[in-house]
Amino acid sequence: MREAGAALVLTNVVLKAGKRAINERLRAGEIVGVAGLDGHGQEAFLEAAAGLERPLGGEVALEAGGRAAPLRSFHGAARQGVAYLPRDRRTAGIFPNLSVLDNFAIASLWRDLRLGFINFSARRRRFEAFRQRLSVAANDLDGSIARLSGGNQQKVLLARLLARNPVALLLNDPTRGVDVATRGVLYRLFRELAGEGMMLGVLSTEIEELTSLCDRVLVFRDYELTARLEGEALTGPRVIAAMFGETA
């Protein structure tokens, strides 16, 4: 279990010049959806939370154990336990010329070192646990990851992130281009991770995905956070209305 009370905190974050500042807290054990019409700031919000892009103003910090660690870069955020899954796995996620195992291990190489040498057996054992949990269909772990289906590539990328034991998992359209069966596996995984105390932020273009998976949804319009929906207010029509600047 992860530390209770951990939170990813955005304070006075400005995504675009002249826009209202955003104050938001993503808490341990919850799944927060992020929505908006294309290009309205929801992706910029997620990237700022991940340390991938610096906001024009404000601060992003990870609070844990009574301390707050500012996140000023992507690598700094990763060291603090914030993991980010990009939207386009082909251009920003997988290394197509590397094997399945190498794609999995590339962000946690130190875990396979024994006396300064890579222990390939240890790497396979590490991957096996994730393969079972995510139902990864890959017969040749030494073969190119490009040979796998899109859904299985996505599962390997998630295994790569989870191998670092993150505190927060920020997902940019994680079910984009995957089949129905893979979606079911991923939804189950996300709920399990939240139950184990991880905080999850999920940007999705699927309204039904947001309303069925998330505890609450943040809706962006014109680079401002314009609606927070949860409980009985978290319905498809209300999410869509908020995306268009209306009320349902």
Side-chain angles (χ1 to χ4, degrees), residues 2 4-64 68 70-71 77 82-85 87 166-176 187 190-191 193-195 197-248:
R2 290 163 180 84
L8 190 60
V9 183
L10 294 90
T11 305
N12 295 324
V13 167
V14 177
L15 300 177
K16 192 173 183 180
K19 302 302 178 181
R20 288 180 297 177
I22 298 166
N23 291 281
E24 191 56 51
R25 175 183 290 265
L26 309 184
R27 299 180 293 270
E30 69 171 353
I31 304 176
V32 179
V34 184
L37 297 173
D38 190 38
H40 274 253
Q42 66 273 23
E43 190 166 23
F45 171 83
L46 198 72
E47 290 177 346
L52 193 63
E53 295 289 341
R54 291 292 301 274
L56 293 183
E59 181 180 80
V60 181
L62 184 67
E63 289 186 359
L71 309 180
V82 179
Y84 173 78
L85 182 77
R87 171 176 292 189
V167 175
L169 185 60
L170 304 179
L171 306 162
N172 193 336
D173 224 356
T175 63
R176 179 175 180 241
Y187 292 165
F190 299 156
R191 293 187 181 105
L193 293 172
M198 188 181 293
M199 63 187 78
L200 288 87
V202 181
L203 186 158
S204 179
T205 54
E206 302 285 343
I207 303 301
E208 184 178 354
E209 183 168 278
L210 292 167
T211 57
S212 63
L213 179 66
C214 302
D215 300 302
R216 57 192 179 95
V217 172
L218 310 177
V219 183
F220 289 78
R221 181 168 176 80
D222 199 15
Y223 284 84
E224 294 183 353
L225 176 53
T226 56
R228 295 175 173 87
L229 303 174
E230 59 183 311
E232 294 182 357
L234 182 51
T235 65
R238 290 192 177 186
V239 173
I240 293 172
M243 289 167 63
F244 284 92
E246 304 167 356
T247 56

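Quick note: residue numbers are just sequence positions, from 1.
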Problem set entry | Spacing of Arg176 atom CZ and Ser204 atom OG [to the nearest 0.5 Å] | 11.5 Å
Seminar exercise, completed: Value for CG (Leu8) from CG (Leu170), rounded to nearest 0.5 Å, stands at 6.0 Å
Seminar exercise, completed: Separation between CE (Met243) and CG (Asp38), nearest 0.5 Å, reads 9.5 Å
Exercise. Closest approach of Val219 and Val239, non-hydrogen atoms and distance?
Worked result: CG1-O, 4.3 Å
Exercise. Does the Gln42 side chain pair with the main chain of Gly36, one donor and one acceptor, at a distance under 3.5 Å?
Worked result: yes
Exercise. So do the side chains of Leu213 and Arg191 get within less than 4.5 Å of each other, counting heavy atoms only?
Worked result: yes
Exercise. Pick from Val34, Ile31, Leu200, Val32: which one makes a side-chain contact (heavy atoms from CB on, under 4.5 Å) with Leu26?
Worked result: Val32
Exercise. So, for Ala242 and Ala227, which heavy atoms are closest and what is the spacing to 0.1 Å?
Worked result: CB-CB, 3.8 Å
For this session: Specify the closest pair of heavy atoms between Ala35 and Val217, including all atoms of both residues, with the distance to one decimal.
Result: CB-CG1, 4.1 Å
Exercise. Have Thr175 and Glu206 got a donor and an acceptor in their side chains that come within less than 3.5 Å?
Worked result: no
Exercise. Which value, rounded to the nearest 0.5 Å, describes the distance between Leu15 atom CG and Glu47 atom CD?
Worked result: 10.0 Å
Problem set entry | Shortest non-hydrogen contact between Val167 and Leu62, atoms and distance | CG1-CD1, 4.3 Å
Problem set entry | Side chain to side chain, Ile22 and Leu218, heavy atoms closer than 4.5 Å | no
Problem set entry | Within-4.5 Å side-chain heavy-atom neighbours: Lys19 and Asp222 | yes
For this session: Provide the closest heavy-atom pair for Arg25 versus Arg216 in the form atom of the first, atom of the second, distance.
Result: O-NH2, 2.6 Å
Problem set entry | Validation row: Leu85, Leu169 side chains within 4.5 angstrom (heavy atoms) | no
Problem set entry | Residue pair Glu63 / Ala68: nearest heavy atoms and the distance that separates them | CG-CB, 3.9 Å
Problem set entry | Minimum side-chain heavy-atom gap Phe45-Leu203 below 4.5 Å | no
For this session: Enter the distance from Ile240:CD1 to Thr235:OG1 here, rounded to the nearest 0.5 Å.
Result: 8.5 Å
Exercise. Just wondering, do Glu59 and Asn12 contact through their side chains at under 4.5 Å, heavy atoms?
Worked result: no
For this session: Would you confirm whether His40, through its side chain, and Tyr223, through its main-chain N or O, come within 3.5 Å as a donor-acceptor pair?
Result: no
Exercise. Any side-chain heavy atom of Phe220 sitting closer than 4.5 Å to one from Glu43?
Worked result: no
For this session: For the residue pair Met198 and Phe190, establish whether any side-chain heavy-atom pair is separated by less than 4.5 Å.
Result: no
Exercise. CG/Leu234 to CG/Leu210 distance, rounded to the nearest 0.5 angstrom?
Worked result: 8.0 Å
